[in-house]
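Okay, structure first, notes after.
Letters A, B, ... mirror the listed sequences (proteins, then strands); counts begin at 1. It should be emphasised that the depicted structure is a prediction, and the values quoted were computed from it without experimental measurement.
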There are 2 protein chains.
Amino acid sequence: MLSKSTEYAIRALVFIQLRNWEQKRPGVGEVAREIEAPEAYTAKILQTLAKHKLMDSAKGRGGGFFFGENQSSLTLYDVIHVMEGDACFHKCGFGLKSCNDHNPCPLHDKYVVVRDGFFEIAKTETISALSDSIRRGDAVLNRIV
Amino acid sequence: MLSKSTEYAIRALVFIQLRNWEQKRPGVGEVAREIEAPEAYTAKILQTLAKHKLMDSAKGRGGGFFFGENQSSLTLYDVIHVMEGDACFHKCGFGLKSCNDHNPCPLHDKYVVVRDGFFEIAKTETISALSDSIRRGDAVLNRIV
DNA sequence: TTATAAAAGGATATAAATATCTTTTTATAA
DNA sequence: TTATAAAAAGATATTTATATCCTTTTATAA
Ligand code: FES
Ligand code: FES
């Protein structure tokens, strides 16, 4: 499972993408409301994402968050990596100090399949692809209730 | 990813099973040493497992931990359920308040495959099967280095 | 040029997970 | 019956994740 912070980050980026497509640059308040996260905490997360150049920000009046040219194909992996590192893609599912094909734990063979499946999703799915499925109405960003 | 506590629990149970097969009932100290976990913390975890009847314990001289008759086919799911609940099998991977087939988040279709894959492992793998793969020499309980 | 709106930065606070320590209960061996 | 070994129970401590608050910097509009 991803950390709450990572989930907030992913949903925030998707929302920013959706608004950007409408020629808007949402601010912290709007993002926090939309992803149903505490505002001050959302601010910290957006700050982290901007610092790592996953998206861009503009200070001052009329400012907000947005994607620049070279930030269009951001993958889930990129976001996870910045927010919580990539232990989840490498760790032994049985809790050993490392995962090793040639000296496996008893879960290794089966666990690796699942772990790699998640890695594949993370490397393949992009913020803009997720956003697009919402724009098309095939998926939702939040629950009504 | 499972919590550290859950990992300790699984490894502890596997070790207890291995020792039981040698007609031994290990105590907290022996278990903690083997799974490389802090002793007092291991004690708490074993206490939780015993309280939930996942294995049995005997107090006093010559006491220790062991599996009773009806505790032989303990699944990983049982252990995870007791240690951290089963959110990981139900939660929305995108962080929505619930996961819903008919009102999916943009990750749903792909995420559910991975999540269900893990659920399948958890429901299928048993402590005794994992232990047996170690006894046979096909897998390890800990890393030399 | 000043007032205002916005993000950045820094300092704290709270909650949850991980870890330790001490006392109590229980069983057994001497 | 007493001393000892072991788990159970309870209290406390530490660390990490989550969350809040206050101040500073920056850009823009009036
Ligand atoms: S060694 Fe445990 S998952 Fe690879
Ligand atoms: S709705 Fe998100 S994983 Fe099912």
Side-chain angles (χ1 to χ4, degrees), chain A residues 1-13 15-16 19-20 24-33 35-68 80 82-85 87-88 91 95, chain B residues 1-13 15-16 19-20 24-33 35-68 80 82-85 87-88 91 95:
Chain A
M1 270 193 310
L2 299 173
S3 72
K4 218 166 172 179
S5 298
T6 303
E7 290 175 352
Y8 287 159
I10 293 170
R11 296 214 304 283
L13 290 167
F15 177 65
I16 290 165
R19 288 299 273 160
N20 283 183
K24 305 280 185 185
R25 295 178 168 186
V28 170
E30 190 183 353
V31 172
R33 229 173 302 119
I35 69 172
E36 302 178 272
E39 180 161 335
Y41 196 57
T42 301
K44 283 299 177 205
I45 288 168
L46 295 178
Q47 209 176 300
T48 300
L49 297 172
K51 186 150 55 191
H52 286 85
K53 310 282 187 193
L54 299 196
M55 44 96 184
D56 235 323
S57 66
K59 276 191 181 181
R61 267 197 187 220
F65 298 92
F66 59 98
F67 290 96
I80 294 167
V82 159
M83 294 301 298
E84 60 179 78
C88 64
K91 242 183 72 66
Chain B
M1 271 193 309
L2 299 173
S3 73
K4 219 167 171 179
S5 299
T6 303
E7 290 175 351
Y8 287 157
I10 294 170
R11 297 213 305 282
L13 290 167
F15 176 65
I16 290 165
R19 289 297 275 160
N20 283 183
K24 306 281 185 184
R25 295 178 168 186
V28 170
E30 191 183 352
V31 173
R33 229 173 302 119
I35 69 174
E36 301 178 273
E39 180 162 333
Y41 196 57
T42 302
K44 282 300 176 201
I45 287 168
L46 294 178
Q47 210 175 298
T48 299
L49 297 172
K51 185 151 54 189
H52 286 85
K53 312 280 187 193
L54 299 197
M55 45 95 183
D56 234 323
S57 66
K59 277 189 180 183
R61 269 200 188 216
F65 299 92
F66 60 98
F67 289 96
I80 294 168
V82 160
M83 293 301 299
E84 61 180 77
C88 64
K91 241 184 71 70

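- Taking every heavy atom of residues 58-65 of chain A and every atom of DNA chain D, pairs under 4.0 Å involve K59(A), G60(A), R61(A), by number.
- Closest non-hydrogen pair, N20(A) versus F66(A), comes out as OD1-CA, 3.1 Å.
- Closest of all the heavy-atom pairs between L2(B) and E7(B) is O-OE2, 3.9 Å.
- The main-chain N or O of P26(B) is never found under 3.5 Å from a side-chain atom of R19(B) such that the two would form a donor-acceptor pair.
- Between Y8(A) and I35(A), the shortest heavy-atom contact is O-CD1, 3.7 Å.
- Sorted by first and then second residue, the side chain to side chain donor-acceptor pair (under 3.5 Å) pairs with a member in residues 37-58 of chain A read S5(A)-Y41(A); sequence neighbours excluded.
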Spell out protein contact along nucleotides 15-23 of chain D as letters: B when the base is contacted, S when just the sugar-phosphate is, - when no protein heavy atom is under 4.0 Å; keep the 5' to 3' order.
-> ---BBBB--
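- A donor-acceptor pair under 3.5 Å links the side-chain atoms of E84(B) to the main chain of S3(B), judged by distance alone.
- Closest of all the heavy-atom pairs between L46(B) and F65(B) is CD1-CE1, 3.5 Å.
- The main-chain N or O of A58(A) is never found under 3.5 Å from a side-chain atom of R25(A) such that the two would form a donor-acceptor pair.
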Dot-bracket summary - DNA chain D, pairs being Watson-Crick or G-U whose distances fall under 3.5 Å, with | when paired to another strand = ||||||||||||||||||||||||||||||
Are I45(A) and M83(A) close enough, and set up right, to give a side chain to side chain contact (heavy atoms under 4.5 Å, CB included), and what steps lead you there?
-> CA-CA 8 Å; I45(A) 288 168; M83(A) 294 301 298; 4.0 Å; yes
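- In this structure, L49(A) and A9(A) approach most closely via the heavy-atom pair CD1-CB, 4.0 Å.
- Contacts of residues 46-56 of chain B with DNA chain D (heavy atom under 4.0 Å): Q47(B), A50(B).
- Heavy-atom contacts of chain B under 4.0 Å fall on DNA chain C between two terminal nucleotides, which in 5' to 3' order are dT18(C) to dA29(C).
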